Trainee: 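I'd like to ask you about the structure that follows.
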Amino acid sequence: MADAPRSQNFLTEIVERDIAAGVNGGLVVTRFPPEPNGYLHIGHAKSILLNFGLARRYGGRTHLRFDDTNPTAEDVEYVESIEADVRWLGGDWGEHLHFASDYFERMYQCAERLIREGKAFVDSQSQEAIREQRGSFERPGVNSPCRDRPAAESLDLFRRMRAGEFPDGACVLRARIDMGHENVLLRDPLLYRIRHARHHRTGDAWCIYPMYDYAHPLEDAFEGVTHSICTLEFESNRALYDWVLDNLGPWDPRPRQYEFARLALGYTVMSKRKLLQLVAEKRVSGWDDPRMPTLAGLRRRGVTPEALREFTEIIGVAKNNSVVDIGKLEYAIRGDLEGRSPRALAVLNPLPVLLETWPAGEVRELEVPWWPGEPGRGVRKVPFGRELLIEREDFSEDPPKDWKRLAPGREVRLAGGYVIRCDEVVRGEGGAVVALRCSHDPASLADPSRRAAGTLNWVHATRSASAPVRLYDRLFSVEQPDAAGDFLTVLNPDSFKLAPAARLEPALAQAEPGSRWQFLRQGYFYADPVESRPGAPVWNRTIPLKDTWASRGAAHPEREPRRPRKEPAAAAPRRSRAELRAEARASDPALAARFSRFREALELAEEEADLLAAEPATAAFFEEALAAGAPPRPAARWLANELAGLAGGRPLGSLPLSGAGFGRFVALVETGRVTPAAGKLLLSTLLERGGEPEGLVSELGLEKVTDRGAVEAAVARALETRRAEADRYRAGEKKLFGVLVGAAMKEIQGAADAALVRQVLQERLG
RNA sequence: UGAGGCGUCGUCUAACGGCAGGACCGCGGACUUUGGAUCCGCUCAUGAAGGUUCGAAUCCUUCCGCCUCAGCCA
């Protein structure tokens, strides 16, 4: 792989944080784990490039691992195509080509351990019974009657499962977690099922196979993967991933799962099922049909790995579900092809031109550079004569304004050749234009100063060759085929067209299969590596050139108006968190009493009182703070607005700061010894390392600064370090005042009165 | 509905309490023997409302919207 990706995203942040903290000894090991049951598509390319790129960037490695735990769906055909695709994209897994099936024995031993430790059991119920007992989102599940089966009995049954004593579906191994868990994935999930099927690698060695949620974390752990990156839909699986590892460890490294938003692209579909359907129903010519979003299809179309890499750089990585504009892919493809494709002449839809000023029978070989303006990069001869062909679309009898092509009486230059003028239109039976009679300007050949309205692509009428030229376009005619009832109904009928009359300049006949060219003014074309024969290339249009003329006015992609925000749903019966708190109070008189006391005696705002009287621990913490001398309302504000954010979900009891300590902290701020800004710094420090507020104030030098001289010094330092901003402020960019205030406040650790800082700054800036 | 996740230009994505930035698209201009490329410029956004703060896209609260999960698939 060439360069590692440069852009930052939430994953590079996680990795950098882990490296800095010395997690796993600073090691970065990722993996790309496809199931060999289909072809890879451009969505996988994002994942491949992400995984390989991340490891490469941080000096780690990436494994290619086939997640082949379901023998009924998988096949070696897919293993081979996937390896080829990953390699094509530049993924280098070195020694690390792995198969989940290589770990079956180890996984099995782990399962026995879970059983022995009472953490798994064999369930002999039917599939229907198990499903029924699982409950639903709002209804907890119920325990299986097999759940408390002695470990020895489960172990015996599990061994007999392995030995093949039971038919498919007779029993399963289940984890023993919690049938009442709010995450349904943790309601005693299945670990193993019986499948008497031939596996593409292990043959008939096994008849029990591990489930994804059990196998995947183990595969990662066995291989020493550190960062296991998958897509968003596996977020709720992470709890089970962690359960498996926590109960079968210890592990070093201990893998961690992270999720990103998978790629969705406009004007295409990405699901394996739909892609397979297109192939199976012969809507396309195969997995590698150039219209397919598969890597095989993209490759067949002429797209390069570099273009795909650039594309993934452009779209970035995040956790937003999003649909990427296909224009970004097209942009990346054009940008890549632009620099690597020599320009050739071809006419896709010919219109004959008779040059009456050219001697009959005379053919002149023009020397035309492969790269316009860069003859040093090579030239070839292109025959020019009396009978030529131009694009039918390049002539208009009644041209619109701004027409830069041929029209009666007008002049254009034939690329690399002469300027010609249209003198007469030749009509056929029905009056249709069948040819043009033109004259040429002999002096115009190599004279750049000789202007014409525009430049056209052309070929000689007979000294040119016909060849199969296939024009591909977007497979679907709507941006979101998945949103259509039946995606097959929105297939683009014009996604594939043959140009039957196309004529190509002679040199193109020698094009190597797999070579890329720009047909001048038309697009980028790829000599099909499969169907081309020596001296007889078959052409695939990778992508047309950007056409600002055609896109002008008429066919603008009609921009869909922003989806109107839905009106609030009528009477949502859902209980909000506030309602939950109210209910808690209703059933707990102590909390209710506190709420009224907070509300009335302490004069807290309703929202504050509500929050603080939500649960006993919070209320107690708050009361402790009051007892330590904090005035009620400020204490409530600091607790609700700042402490809650800084605690980041940790229970108050687990903080290194007690309620009393918090109360003394609030008092410090309220008595004016510490400013609110310095208070924030102080509070976060207290939360980080604990300690006494009073002591920390002196230790950190956070007492409020009353000395104007000290403030002036801080402002001066800030103006020194932020000189550029200060200059821009003086030049009129008033919005930078905030930056300067911030800089000055930081200089003095927030320990000065903000109003004073603003005032001094104002004076100093004039 | 229970749980988890996500809301920033038309699209994708930055900004981690202090200048809402970049890219694609679109529009305009320069240049051009490709209506291509290149260069320059322009339009355009923090889901809503309250609160905390000198200062909020960012912290707190409420509301709204979208996505994922109830396979013996992965």
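Reminder, nothing fancy here: chain letters follow the sequence lines and each chain counts from 1. Please read all numbers here as calculations on a predicted model, not as lab measurements.
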Trainee: Within this structure, what is the CZ-OH distance for the pair A:Phe158 and A:Tyr192, rounded to the nearest 0.5 Å?
Mentor: 5.0 Å
Trainee: Take atom P in B:G36 and the same atom in B:C25, then report the distance between them in whole Å.
Mentor: 12 Å
Trainee: Going by the angle between their ring planes, with limits at 30° and 60°, are A:His216 and A:Tyr241 parallel, tilted or perpendicular?
Mentor: tilted
Trainee: What contact category does A:Arg581 fall into here, base, sugar-phosphate, or nothing, at under 4.0 angstrom with non-hydrogen atoms?
Mentor: sugar-phosphate
Trainee: Please table the atom pairs, donor to acceptor, closer than 3.5 Å between any side-chain atom in residues 634-642 of chain A and protein atoms at least two apart or in another chain.
Mentor:
from: A:Asn641; atom 1: ND2; to: A:Arg637; atom 2: O; distance (Å): 3.4

Trainee: Could you run through nucleotides 51-58 of chain B and give me one letter per nucleotide, 5' to 3': B if any protein heavy atom sits under 4.0 Å from the base, S if only the sugar-phosphate is that close, - if neither?
Mentor: BSSB----
Trainee: Quick one: label A:Gly416 by what it contacts on the DNA or RNA (base, sugar-phosphate, nothing), any heavy atom closer than 4.0 Å.
Mentor: base
Trainee: Closer than 4.0 Å, any side-chain N/O of A:Lys734 to the OP1 or OP2 of B:C19?
Mentor: no
Trainee: Quick one: does any side-chain atom of A:Arg262 pair with a main-chain N or O of A:Gly43 as donor and acceptor, under 3.5 Å?
Mentor: no
Trainee: Reading RNA chain B 5' to 3', what string of ( ), [ ], | and . shows its pairs, if Watson-Crick and G-U wobble pairs count only when both distances fall under 3.5 Å?
Mentor: .((((((..((((....[..)))).(((((.......)))))....(((((..]....))))))))))).....
Trainee: Can you tell me, in whole Å, how much space there is between the C1' of B:U52 and that of B:G29?
Mentor: 49 Å
Trainee: What nucleic acid atoms does A:Gln522 come within less than 4.0 Å of, heavy atoms only: base, sugar-phosphate, or nothing?
Mentor: nothing
Trainee: For residues 330-345 of chain A, which residue pairs qualify under side-chain hydrogen bond (donor to acceptor under 3.5 Å, both in side chains), counting only residues two or more places apart or in two chains?
Mentor: A:Thr304-A:Asp336, A:Glu306-A:Arg340, A:Glu330-A:Arg474, A:Asp336-A:Arg340, A:Glu338-A:Arg343, A:Glu338-A:Tyr524
Trainee: Between B:U34 and B:A57, how far apart are the C1' atoms? Round to whole Å, please.
Mentor: 44 Å
Trainee: Could you measure between the two C1' atoms, the one in B:G47 and the one in B:U32, and give it in whole Å?
Mentor: 46 Å
Trainee: Taking atom types as modelled, find out whether A:Glu235 and A:Gln257 have a side-chain donor-acceptor pair closer than 3.5 angstrom.
Mentor: no
Trainee: If I pick the P atom on B:A48 and the same atom on B:G65, what distance separates them, to the nearest angstrom?
Mentor: 15 Å
Trainee: Can you figure out which of B:C19, B:G18, B:C24 approaches the side chain of A:Lys746 most closely?
Mentor: B:G18
Trainee: Aromatic rings A:Tyr418 and A:His440: how do their planes relate, parallel, tilted or perpendicular, breaks at 30° and 60°?
Mentor: perpendicular
Trainee: Of the listed nucleotides (B:C12, B:G26, B:G35), which one gets closest to any side-chain atom of A:Ser551?
Mentor: B:G26
Trainee: Do the two ring centres, one from A:Phe10 and one from A:Tyr258, sit under 6.0 Å apart?
Mentor: no
Trainee: What nucleic acid atoms does A:Asp402 come within less than 4.0 Å of, heavy atoms only: base, sugar-phosphate, or nothing?
Mentor: base
Trainee: Quick one: is A:Asn320 getting a side-chain N or O under 4.0 Å of the B:C12 phosphate, OP1 or OP2?
Mentor: no
Trainee: Looking across every strand, which nucleic acid part, if any, lies under 4.0 Å from A:Val757 by heavy atom: base, sugar-phosphate, or nothing?
Mentor: nothing
Trainee: Under 4.0 Å, heavy atoms only, any strand: does A:Leu545 hit a base, just the sugar-phosphate, or nothing?
Mentor: base
Trainee: For every nucleotide of nucleotides 67-74 of chain B, 5' to 3': is a protein heavy atom under 4.0 Å from its base (B), only from its sugar-phosphate (S), or from neither (-)?
Mentor: SSBBSBSB
Trainee: Could you work out which one of B:G18, B:G35, B:U62 sits closest to the side chain of A:Val739?
Mentor: B:G18
Trainee: For A:Arg451 and B:U33, is the shortest distance between a side-chain N/O and OP1 or OP2 below 4.0 Å?
Mentor: yes
Trainee: Less than 3.5 Å between a donor and an acceptor, one on the side chain of A:Arg521 and one on the base of B:G35, is that the case here?
Mentor: no
Trainee: Could you tell me whether A:Lys319 contacts a base, only the sugar-phosphate backbone, or nothing, with contacts defined as non-hydrogen atoms closer than 4.0 Å?
Mentor: sugar-phosphate
Trainee: Would you indicate which nucleotide in B:C60, B:G10, B:C12 comes nearest to any side-chain atom of A:Asp325?
Mentor: B:G10
Trainee: Classify A:Trp458 by what it touches in the nucleic acid, base, sugar-phosphate, or nothing, heavy-atom distance under 4.0 Å.
Mentor: nothing
Trainee: Which pairs would a plain distance check flag for residues 730-741 of chain A, meaning a side-chain donor or acceptor within less than 3.5 Å of a matching protein atom at least two apart in sequence or in another chain?
Mentor:
from: A:Arg730; atom 1: NH1; to: A:Asp727; atom 2: OD1; distance (Å): 3.4
from: A:Glu733; atom 1: OE1; to: A:Arg728; atom 2: NH2; distance (Å): 3.1
from: A:Glu733; atom 1: OE2; to: A:Arg728; atom 2: NE; distance (Å): 2.9

Trainee: Under 4.0 Å, counting only non-hydrogen atoms across every strand here, what does A:Ala446 touch: a base, just sugar-phosphate, or nothing?
Mentor: base
Trainee: Would you call the rings of A:Tyr212 and A:Phe234 parallel, tilted or perpendicular, taking 30° and 60° as the class edges?
Mentor: tilted
Trainee: Does either side chain, that of A:Ser236 or that of A:Asn183, offer a donor lying less than 3.5 Å from an acceptor on the other one?
Mentor: no
Trainee: Give one of base, sugar-phosphate or nothing for A:Arg405, where a contact means two heavy atoms less than 4.0 Å apart.
Mentor: base
Trainee: Could you classify B:G47 for me, syn or anti, using a glycosidic angle within 90° of 0 as syn?
Mentor: anti
Trainee: Considering only the P atoms, how many Å lie between B:C60 and B:G18, rounded to the nearest integer?
Mentor: 16 Å
Trainee: I'd like to know if A:Asp220 and A:Arg65 make a salt bridge, using a cut-off of under 4.0 Å between side-chain N and carboxylate O.
Mentor: yes
Trainee: Reckon A:Leu445 touches a base, only the sugar-phosphate, or nothing at all at heavy-atom distances under 4.0 Å?
Mentor: base
Trainee: Determine the contact category for A:Val419: base if any of its heavy atoms lies under 4.0 Å from a base atom, sugar-phosphate if only primed atoms, P, OP1 or OP2 are that close, otherwise nothing.
Mentor: nothing
Trainee: Mind checking A:Lys328 for me? I need base, sugar-phosphate or nothing, with any heavy atom below 4.0 Å counting as a touch.
Mentor: base
Trainee: Indicate, with a heavy-atom threshold strictly under 4.0 Å, whether A:Glu330 touches base, sugar-phosphate, or nothing.
Mentor: nothing
Trainee: Would A:Ser144 and A:Gln125 count as having a side-chain donor-acceptor pair, cut-off 3.5 Å?
Mentor: yes
Trainee: Strictly by modelled atom types, are A:Ser228 and A:Arg31 linked by a side-chain donor-acceptor pair under 3.5 Å?
Mentor: yes
Trainee: Between B:C44 and B:C54, how many Å separate the two P atoms, rounded to a whole number?
Mentor: 33 Å
